[in-house]
Each structure stands twice: as structure tokens, then as C-alpha cells.
Number of protein chains: 2
Amino acid sequence: MSLETPRVSSSAEEYLLTLYRLETSNERAGSSQLAKMFGVKAPSVTGMLRRLGERGWVRYQRYRPPELTDEGRRIAVRLVRRHRLLETFLVQFLDYSWDEVHEEVQQLEHTVSEKLLERIDIKLGRPRYDPHGDPIPGQDGRLPSHRLIPLTRLQEGGRAQVSRVDNRSRHLLTVLGEIGAYPGTSVTRLRTRRNGQLSLRVGRREIQLDGDIARLIWVKPNRAPVAMQARERGM
Amino acid sequence: MSLETPRVSSSAEEYLLTLYRLETSNERAGSSQLAKMFGVKAPSVTGMLRRLGERGWVRYQRYRPPELTDEGRRIAVRLVRRHRLLETFLVQFLDYSWDEVHEEVQQLEHTVSEKLLERIDIKLGRPRYDPHGDPIPGQDGRLPSHRLIPLTRLQEGGRAQVSRVDNRSRHLLTVLGEIGAYPGTSVTRLRTRRNGQLSLRVGRREIQLDGDIARLIWVKPNRAPVAMQARERGM
DNA sequence: CGCTAAAGTTAGGCTTGTCGAACTTAGCAT
DNA sequence: ATGCTAAGTTCGACAAGCCTAACTTTAGCG
Ligand SMILES: [Mn+2]
Ligand SMILES: [Mn+2]
Ligand SMILES: [Mn+2]
Ligand SMILES: [Mn+2]
């Protein structure tokens with residue numbers, strides 16, 4: 001049990017985070033794909049994977065996709081916690097909008113101390129979800145989880161609560177923000193009109209959404225049962 | 001006029017800041033003294049000074065104490081601004097005490113974006129002084145300045161407002177915090193009792209301070225004129 | 001089954017920032 | 001004036017991260 005915190009570099013953390021995200025979504029990526037994600041060339045990835053392997057944070061064998069070790073995953077989850085708490089803080093206390101907050105946190109998340117994070121957590125009242133509805137891991141690394149379905153699988157006439165919004169596109173968040181599709185908002189799905197589109201009632205407004213967009217909004221249905229088709233492909 | 005902000009590394013910023021502080025207090029230091037300040041060995045300093053010289057942030061000639069260029073000084077002042085705004089924010093919004101805040105900000109100050117800093121500045125109402133009473137440079141790099149005297153030069157019977165407290169010793173801040181010697185506090189100097197000590201009324205309490213400590217408290221006298229001896233040595 | 005293109009790695013180089021060991025300079029003290 | 005010591009520099013090394021160019025492996029396809 002060393003007293004020295006082994007100090008993980010920002011880059012190393014970023015790699016571990018990406019590996020964690022991939023693992024979570026059951027994807028796997030090789031060096032060149034990872035390289036694209038980091039805006040770096042392939043040999044840099046090979047080198048980093050080797051170093052991460054030496055430190056015991058990933059299991060890496062040449063030509064095979066890398067895997068996180070438990071320790072590596074722990075580091076990643078701690079980073080996720082910092083990321084999401086910081087996002088929440090910026091939105092609640094510094095008037096950031098949910099579409100600008102992710103970018104802002106990219107650097108900060110690697111720098112913020114345990115102490116500061118704890119104060120932020122307290123000020124926020126130990127929130128369990130971030131502004132996009134993503135769960136915030138606890139200090140123990142556990143994630144709150146709830147069963148959500150994409151809006152596209154809500155049955156027509158069904159009411160639900162928006163609970164999570166995919167935050168991969170900033171533009172999308174802006175659009176959804178205009179609609180008012182923040183976590184906590186109640187929506188009702190109306191009869192579908194046009195092919196590929198989906199009608200929604202949000203408050204008094206009625207809205208048409210493309211399937212591509214609707215798929216990125218996750219909801220918790222109110223009582224009413226979900227249309228339970230055989231498992232949908234690809235999600 | 002390049003669009004690329006030339007990105008100054010944390011280390012470089014730290015060097016420039018130290019050089020700036022030295023310049024401000026009319027001290028000069030060579031490589032080994034700087035090395036001690038950074039917790040680094042002398043050859044590292046030589047190397048860094050050379051690089052800072054190449055970038056035009058210091059004027060450096062071997063064997064001579066380095067000097068900041070205008071550009072180097074600007075970078076330092078911007079860092080001072082970030083540092084002091086962050087300190088103020090942590091104290092006002094996250095319940096930090098003034099004796100722990102300096103440490104906390106050491107990393108953060110190099111990471112925080114212009115945007116975040118601006119939001120913090122707004123939230124704080126564009127404060128002009130930090131929790132220790134140190135002036136916060138504006139975006140233009142100008143420092144608010146007021147004429148202060150050390151408590152030791154306040155005449156007996158004189159009333160004054162604590163305005164700045166030297167923050168070089170964390171322990172000292174703790175002590176002064178217990179006394180309640182925060183900027184804004186009104187104090188009256190009483191007749192001196194013992195040699196080297198100084199009596200003070202703070203609210204209803206009466207307090208004895210060693211000269212060493214009193215010298216680190218800077219006050220703004222209320223109306224009453226200051227005992228104007230020939231310029232004191234060393235301060 | 002064998003070829004080829006894509007994916008991945010290796011080799012060698014660069015920058016920043018650090019170090020220890022060895023050398024040089026400056027400045028003081030006799 | 002000269003010599004000694006402390007301050008300062010140079011040299012060679014190392015680690016992290018990144019790059020390009022060249023090589024190797026994998027895997028898909030005919
Ligand atoms: Mn990041
Ligand atoms: Mn988020
Ligand atoms: Mn710092
Ligand atoms: Mn301060």
C-alpha cells in the first residue's frame with residue numbers, strides 16, 4: 001500500500017476512458033481506430049498501449065485489441081465520476097448549457113483534486129445523474145442504473161419521462177434543448193404521421209422528430225407497458 | 001497576429017510566475033535559488049531558462065539572473081489573475097478556508113479556460129481582491145492598487161481596516177483566521193505593552209501580536225495620519 | 001490455398017522536462 | 001593578485017508522448 005498516488009497522466013486517463021466506453025458498448029477497436037478517436041497516429045497508440053500494459057492497466061498483446069484490467073477500469077470510472085460531477089456543477093452553478101459543458105470539462109477532469117470534487121459533490125447534494133441524464137459513479141465506483149428505452153420504442157399514446165440524452169453530438173443537444181427535451185421532462189408519444197418520423201407532445205407543444213434523433217433520447221415509461229417486440233437490432 | 005494561442009506549459013507558467021513575483025519584490029535569484037523554489041535541480045532550471053529565452057519570455061544570458069520580457073510578464077499576470085479569481089471562487093462558493101485555497105489552486109490555475117474564468121468572474125461580481133486581500137489583475141492586466149501600511153506602522157490609538165494578509169505561511173493564515181484578521185475587519189492599535197509585541201482591539205477582543213506576525217498584516221488607516229518616519233528599511 | 005490490402009508494429013527522431021556527474025565561471029578573501 | 005568555493009553550465013541519459021517511414025502480420029477474397 002503505497003502512499004504515493006501513482007499519478008496517471010491525462011493522456012493515459014483519456015485512453016483508459018475510451019477503452020472503458022468501448023467496453024461498455026460492447027465494441028472493440030484496434031490501434032488505428034483508437035488513433036482516429038484521439039486525433040493521433042497509429043504508432044502513438046501502440047506505444048501508449050505498451051506503457052499502459054506495463055503499468056497493469058490494460059492487457060495488451062500485439063495485434064490483438066486491448067482489454068482493460070480491473071485497475072484500469074477503476075481509473076476510468078473515477079474519471080467518469082469527475083467528468084459528470086463537473087458537468088453538473090458547471091450547469092447548476094455557472095450557467096453553462098448542456099451543449100457546451102462536455103468540452104469545457106475535458107481538461108478540468110484531469111486536474112481537479114479529490115478534495116475539490118468532494119466539495120462540489122456536497123454542494124450539488126450528491127447528484128446521481130448529470131445534465132444529460134448519465135449516471136454519476138459513486139466514490140465506490142458503483143453506477144446507479146435504471147431501465148430505459150429509446151423513445152422510438154415507446155408505444156403510441158404512451159407517456160414517459162425523458163431520462164437520458166445521448167450527448168455525442170453537440171448540435172443534437174442544442175436542438176433537443178430548444179425542444180425542451182431535458183431529463184425530467186414528461187412527453188407523450190402521438191400517432192405517427194409520416195414514415196420515419198415520430199410525433200411527440202411536450203407540454204403544450206407538438207413536435208415531429210426524425211427516427212435518427214428520437215433514437216438518441218432515452219425515456220422511462222409511465223406505468224404503461226412497452227411494446228415488446230423481439231429484441232431490436234443494433235441498440 | 002496568430003490565431004493559435006501558443007500554449008504555455010504549466011511548468012513554463014510556473015517559472016514565469018516566480019520570476020514575476022521576484023521582480024515585484026525587487027529580488028533576484030539565480031539558477032540554484034530558483035531550483036530550490038521549484039523543487040528541482042539546478043540544471044533543469046538552466047534548461048528551462050534557455051527555452052523560455054528562445055520563446056522570448058525571458059531575457060537570459062548565461063551566468064546572469066534572468067529577466068522577464070513584457071510578453072513573459074503578461075503571461076505571468078494572466079496566471080495571477082486566474083489564481084486569485086479561483087481562490088476567491090473556492091472561498092465564496094465552495095466553503096474553502098483562506099488557508100487551504102492557495103494549495104488547491106496550484107494545478108487548476110493552469111487548466112481553467114478563459115470561458116470558465118469569465119463565468120466565475122461574473123458569478124463573483126468581478127471582485128478586485130482575493131481572500132487574502134491581494135489585488136486581482138483585470139483582463140487588461142492592470143492591477144488595482146491602494147496604499148497600505150503594515151500594521152507595525154499604524155500609530156498607537158490609530159484605527160484601520162485590515163486589507164491584505166501575507167499568504168506565504170499557511171500556519172500564519174490559520175492563526176490570523178482565529179483572530180479574525182480577514183480583509184475588511186476594523187482594528188484599533190492600543191498602547192504597546194511589552195517589547196516587540198503589539199496590542200490590538202478587534203471587535204470586543206483585545207489581542208497581543210508578535211512584531212513578526214504584525215508585519216505581515218497590511219492595513220488601510222482610517223482618516224488618522226500615519227506616523228511618517230523616514231522610509232523604513234526592508235519594506 | 002495463397003495473395004494482397006489494410007491494420008498494426010518497429011525503428012528512429014523530436015520536444016519537454018527532469019536528473020547526476022563533470023566542468024567552468026564569478027566573486028570574495030586573504 | 002590570486003586562488004578557492006559556491007554558483008552556474010554543459011553533457012549525456014532517461015521517460016512520456018508524439019511523428020514519419022519502413023516493415024510485418026492478419027484476414028478477407030478469389
Ligand atoms: Mn479529458
Ligand atoms: Mn454528460
Ligand atoms: Mn501552479
Ligand atoms: Mn491569494
Side-chain angles (χ1 to χ4, degrees), chain A residues 2 4-19 22 27-68 71-72 75-76 79 106-107 109-111, chain B residues 2 4-19 22 27-68 71-72 75-76 79 106-107 109-111:
Chain A
S2 78
E4 294 284 326
T5 305
R7 189 53 199 144
V8 190
S9 75
S10 299
S11 303
E13 278 190 335
E14 212 67 51
Y15 274 75
L16 296 174
L17 177 63
T18 296
L19 260 18
L22 287 168
E27 298 171 64
R28 56 196 58 232
S31 301
S32 23
Q33 213 170 328
L34 290 170
K36 270 168 214 149
M37 301 187 207
F38 297 128
V40 116
K41 296 303 158 81
S44 306
V45 173
T46 303
M48 180 59 100
L49 289 177
R50 197 179 38 70
R51 285 191 300 272
L52 294 176
E54 282 164 8
R55 274 166 196 65
W57 297 333
V58 304
R59 266 179 299 276
Y60 170 59
Q61 296 177 314
R62 63 217 179 316
Y63 299 107
R64 314 219 60 83
E67 283 173 31
L68 286 175
E71 180 57 17
I75 293 170
L79 182 60
Q106 285 304 330
Q107 295 305 313
E109 65 189 355
H110 304 287
T111 301
Chain B
S2 78
E4 294 284 327
T5 304
R7 188 54 198 143
V8 191
S9 75
S10 299
S11 303
E13 278 189 336
E14 212 68 51
Y15 273 76
L16 295 174
L17 177 63
T18 295
L19 260 18
L22 288 168
E27 298 171 64
R28 58 195 57 233
S31 301
S32 25
Q33 213 170 329
L34 290 170
K36 270 168 213 149
M37 300 187 208
F38 298 128
V40 114
K41 296 304 161 77
S44 307
V45 174
T46 303
M48 180 60 100
L49 290 177
R50 198 178 39 68
R51 286 190 299 272
L52 295 176
E54 282 163 7
R55 274 165 197 69
W57 297 332
V58 304
R59 266 180 298 278
Y60 171 60
Q61 297 177 313
R62 59 212 184 317
Y63 299 109
R64 314 220 57 85
E67 283 173 32
L68 286 175
E71 180 58 17
I75 294 170
L79 182 60
Q106 286 305 329
Q107 295 305 312
E109 64 189 357
H110 304 288
T111 301

Atom [atom1] of [X] to atom [atom2] of [N]: distance rounded to whole Å?
X: A/L49; N: D/dC18; atom1: CG; atom2: P; value: 12 Å
X: A/W57; N: D/dA16; atom1: CH2; atom2: C1'; value: 12 Å
X: B/R55; N: C/dT15; atom1: CZ; atom2: C1'; value: 9 Å
X: B/M48; N: C/dC19; atom1: CE; atom2: P; value: 11 Å
X: A/R62; N: C/dA7; atom1: CZ; atom2: P; value: 20 Å
X: B/R50; N: C/dG17; atom1: CZ; atom2: P; value: 11 Å
X: B/H110; N: C/dT16; atom1: NE2; atom2: P; value: 18 Å
X: B/Y15; N: C/dT16; atom1: OH; atom2: P; value: 14 Å

Looking only at non-hydrogen atoms, find the nearest pair between [X] and [Y] and report the distance.
X: A/V45; Y: A/S31; result: CG2-O, 3.7 Å
X: A/R28; Y: A/Q33; result: O-OE1, 4.3 Å
X: B/A29; Y: B/P66; result: O-CD, 3.8 Å

* Using the side-chain contact (heavy atoms from CB on, under 4.5 Å) rule, take A/L79 and A/L16 through it: C-alpha gap first, then chi angles, then the decisive distance, then the call. => CA-CA 9 Å; A/L79 182 60; A/L16 296 174; over 6 Å; no
So what does [X] hit on the nucleic acid, given a heavy-atom distance under 4.0 Å: a base, only sugar-phosphate, or nothing?
X: B/G47; result: nothing
X: B/S32; result: sugar-phosphate
X: A/S31; result: sugar-phosphate
X: A/T46; result: base
X: B/V45; result: nothing
X: A/F38; result: nothing

Can a side chain N or O of A/S44 be found less than 4.0 Å away from OP1 or OP2 on D/dC19?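 So the side-chain polar atoms of A/S44 do come within 4.0 Å of the phosphate oxygens OP1 or OP2 of D/dC19, strictly under.
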OP1, OP2 of C/dG17 versus side-chain N and O of B/R51: anything below 4.0 Å?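 For B/R51, the contact criterion (side-chain N or O under 4.0 Å from OP1 or OP2 of C/dG17) is met.
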From [options], nucleotide with atom closest to [X] side chain:
X: A/P43; options: D/dT10, C/dA11, C/dC19; result: C/dA11
X: B/K41; options: C/dG20, C/dT18, D/dC18; result: C/dG20
X: B/S11; options: C/dC19, C/dG8, C/dG17; result: C/dG17
X: A/Y63; options: C/dG17, D/dC18, D/dT25; result: D/dT25

| field | Over 12 foreign heavy atoms within 6.0 Å of CD, A/Q61 | value |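 No, not enclosed.
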Side-chain donor/acceptor of A/R59 to backbone N/O of A/G53, under 3.5 Å
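Checking the backbone N and O of A/G53 against the side chain of A/R59, no donor-acceptor pair under 3.5 Å is found.
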- [ ] Between A/G39 and B/Y60, just flag the one whose closest nucleotide in DNA chain D comes earlier from the 5' side.
- [x]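 Nearest-nucleotide comparison on DNA chain D picks B/Y60.
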**Prompt:** Closer to the 5' end of DNA chain C via nearest nucleotide, is it A/Q61 or B/V40?
**Reply:**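 This one resolves to A/Q61.
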